[in-house]
Every structure is written in C-alpha cells, then in structure tokens.
Amino acid sequence: MSIDFNTPTDESIEAVGILDKWNQDHHKPDNWIQNLVDRVQADIQRNQPSNPNYPNRFNFEGYTQEEKDAYNYYKNEVIETEHWKKIVADYQKKSANKDSVEYEHKPGDGNNYGVNGDSGFVPPVVHEWSDSQKQGNGVAVNTQALQHFVKQLEAIEPDGTGGLAWKARSEIEKVNLKPGGFAKAELLRRKIQGTGGNDDGLRGDTMELLMTVHQAIYNLRRNLTAMIKEYETGEELNKMTGDQLTEAMETAWAEIAKLKNNGTGSSTDLPQGTPDPQFNT
C-alpha cells in the first residue's frame, strides 16, 4: 500500500524526513522532536475541556522555550496546509532524482554485491549409509541405520548454535537495509525489514522458517534417539516394520510437516514438540 502524502500523517511525515532533518540541523538525538510532538499532543488531549478552541490556548506549562519553539515549528511549518504541500513537492522532486539515492558504496567503487563471490559456506560432512546385510522381503528397521541417520542429523544441526539453520538465521538477523532516501525504496525496505508489531517482513518470516528447520531437525533427532534407547535392550526395534516406525515417529514427522505450512498461519495447528530452552529467543 502506497503512502498518502495528501495529509501530514505520522507515516507521510516520517517518509519525507522533515523532522529527522530538523533533529540533525539542531544537533538533537534521533526522534527528539517526534517525541516532543507526541508529548505535547498527549498533554493537549488529556487537558482539553469541551471547548474545541483549547489547543490554540495551550500554554506549554512545564515546557522549555526551546521545546515550545520546536512544537510551533512542527505546527506552523510542517503540518500547516501550504507548507506541507511544498514539503511534499520538494520531497517528490528529490525522490525522482537518481543522484539523491544514498549508497553505502556507490556503483563503481569495486564492491561486488552479486552471487559469484565466495560466501564462506562450508557444508557439513555427512556419509551415506551402506549395509550389506539383507533383511529379507519387505522393509525392516535396522538399529545401526537409525543410529547412523541420527549422527548425520547431528552433523547438520548439532546442539547449541552451531547448526546450518541457526547460523543462517543469525546472519539474516543482521540484515539492515538502507536502500535510499525515496518513497519506493522505503516501501521496499519495509517489505523486507517489516514495520514492527505483527509485521516482521520477509526478514522475520525467513528467520522464523530457519528456526522451524532447526527445531524440527533437533526434535527428530531427539525422538529417534529416545526410540533407539527404548528398544535397544531387546530385538523389538529390529522387528518393527516401516509402517510401525512411521507410527512411532508421528510427532517427529509432524515437525517436518510444519515446514511446508510456514508462513501460512496453519503451522501452529500441528504438534509443537518440546524444544530445548535455546529456542526461546
């Protein structure tokens, strides 16, 4: 949804950056004047009697002269109709100029943002299971094969924070887009970064997916290990058929099934398992 610049709303004022510029010009911390405006408007709302003209008679009791001047700048030179029209016109003119784009590194500086460079990714070492022992007709469960599979899962996603999915999630968490000072770039940034609250953007959705992968592999490995220990005192495990194994691993398979539902709102309908405390981040 595009930003409506016809009226000075919080969203449109933030997009044009007029208050950020005021903070910079007056050597104030980020959001100084924005916080002041919120505080003054809250005081006006709280103290406003039935007289609709009260805001025009607000006496700024308890505010410094600097704060009073700053709010009057906001009221008279930002949100006032004619001033706002000029602010928007200047902003749209600047946004249409490619020279106004703020680059971390300008094109031609020798920085490669393509996909051909070395990412530094080192895949874990996994091994294929091979067993010359024949189990007869049909598929039977082999204890050693299951133990081998558990070890391969551990190589991909071990305990702690050293797994593939966890590391990828940590890298994505560092993403902080700065696409440029024009409206469409800001909209792109919000799609990827999110706007806060319930909107985590593509970055947040991807982090959630990777956490689900990490959690699913961890729970699958845990359930398999517990099942092996439960049956290793006898030969019950070796006598299990493939169908019986599937039934015994129903919860673990549900964890895997959650992946296809990630981002659809339906993944929470499946069994959640019992993750270790490290998932609570």
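Atoms considered below: every heavy atom in the structure, side chains included; atoms not considered: hydrogens, waters and symmetry mates.
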Student: Donor-acceptor pair, R203 side chain versus I172 backbone, under 3.5 Å?
Tutor: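 Yes, the answer is positive, given that a donor and an acceptor are paired below the 3.5 Å cut-off.
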Student: Counting only heavy atoms not in K167, do more than 12 sit closer than 6.0 Å to its NZ atom?
Tutor: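 Open.
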Student: D25: what forms a salt bridge (Lys or Arg N to Asp or Glu O under 4.0 Å) with it, not counting sequence neighbours?
Tutor: K21
Student: Apply side-chain contact (heavy atoms from CB on, under 4.5 Å) to the pair D30 and N23, showing each step before the final yes or no.
Tutor: CA-CA 7 Å; D30 291 345; N23 287 328; 5.7 Å; no
Student: Using side-chain heavy atoms (C-beta onward) and a distance below 4.5 Å, is R221 in contact with E157?
Tutor: no
Student: For the CD1 atom of I87 and the CD atom of E80, what is their distance to the nearest 0.5 Å?
Tutor: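 Reported to 0.5 Å precision, the distance equals 9.5 Å.
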Student: State which residues pass side-chain hydrogen bond (donor to acceptor under 3.5 Å, both in side chains) with E173; sequence neighbours excluded, sorted by chain then number.
Tutor: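 side-chain hydrogen bond (donor to acceptor under 3.5 Å, both in side chains) check on E173 returns nothing, list empty.
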Student: Roughly how far, to the nearest 0.5 Å, is CD1 of I192 from CG of N176?
Tutor: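 Between N176 CG and I192 CD1, I get 11.5 Å after rounding to 0.5 Å.
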Student: Can you measure from OH (Y63) to CG (D69) and round to the nearest 0.5 angstrom?
Tutor: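 If we round to the nearest 0.5 Å, Y63:OH and D69:CG are 14.0 Å apart.
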Student: Could you report the tightest heavy-atom contact between G163 and P158, atom names first, then the distance?
Tutor: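 The pair with the smallest heavy-atom distance is CA-CD, 3.6 Å.
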Student: Under 4.5 Å between any side-chain heavy atoms of D43 and F60, yes or no?
Tutor: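 Side-chain contact under 4.5 Å: no.
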Student: With a 4.5 Å heavy-atom cut-off, do F5 and V16 have their side chains touching?
Tutor: yes
Student: Take atom CD of Q65 as the centre, draw a 6.0 Å sphere, and report whether it contains more than 12 heavy atoms from other residues, nucleotides or ligands.
Tutor: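 Yes, CD of Q65 has more than 12 neighbouring heavy atoms, counting only those of other groups under 6.0 Å.
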Student: Please enumerate all residues that pass salt bridge (Lys or Arg N to Asp or Glu O under 4.0 Å) together with R189, with sequence neighbours excluded.
Tutor: E186
Student: Report yes if the side chains of L202 and K191 come closer than 4.5 Å at any heavy-atom pair, otherwise no.
Tutor: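 They are not in side-chain contact.
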Student: Does Y74 have any ring-ring contact (aromatic ring centres under 6.0 Å, His included) partners at least two apart in sequence or in another chain, and if so, which?
Tutor: Y71
Student: Go through it in stages, so that I can follow the logic: the residues are R39 and E67, the test is side-chain contact (heavy atoms from CB on, under 4.5 Å), and I'd like the CA-CA distance, side-chain angles, deciding distance and then a yes or no.
Tutor: CA-CA 11 Å; R39 184 154 53 96; E67 291 172 330; 2.9 Å; yes
Student: Using a strict 4.0 Å threshold on nitrogen-to-oxygen distance, state whether E154 and K151 make a salt bridge.
Tutor: no
Student: Using the test ring-ring contact (aromatic ring centres under 6.0 Å, His included), find all partners of W32 that sit at least two apart in sequence or belong to another chain.
Tutor: W22
Student: At their closest point, which heavy atom of D4 faces which heavy atom of S12, and how far apart are they?
Tutor: O-CB, 3.5 Å
Student: Side chains of K86 and E82: does their closest heavy-atom pair fall under 4.5 Å?
Tutor: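 Side-chain contact under 4.5 Å: no.
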Student: Got a second to check how far L19's CG is from E14's CD, nearest 0.5 Å?
Tutor: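 If we round to the nearest 0.5 Å, L19:CG and E14:CD are 10.0 Å apart.
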Student: Could you give the distance from CE (M211) to OG1 (T206), rounded to the nearest 0.5 Å?
Tutor: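 It comes to 13.5 Å.
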Student: Hey, what do you get for CZ (F149) to CG (L220), rounding to the nearest 0.5 Å?
Tutor: 5.0 Å
Student: Could you work out, with ring-ring contact (aromatic ring centres under 6.0 Å, His included) as the rule, every residue matching H83, not counting sequence neighbours?
Tutor: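 Not a single residue meets the ring-ring contact (aromatic ring centres under 6.0 Å, His included) criterion with H83.
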Student: Give the intermediate values and the outcome of side chain to side chain donor-acceptor pair (under 3.5 Å) for residues D10 and Q34.
Tutor: CA-CA 9 Å; D10 289 345; Q34 291 94 323; over 6 Å; no
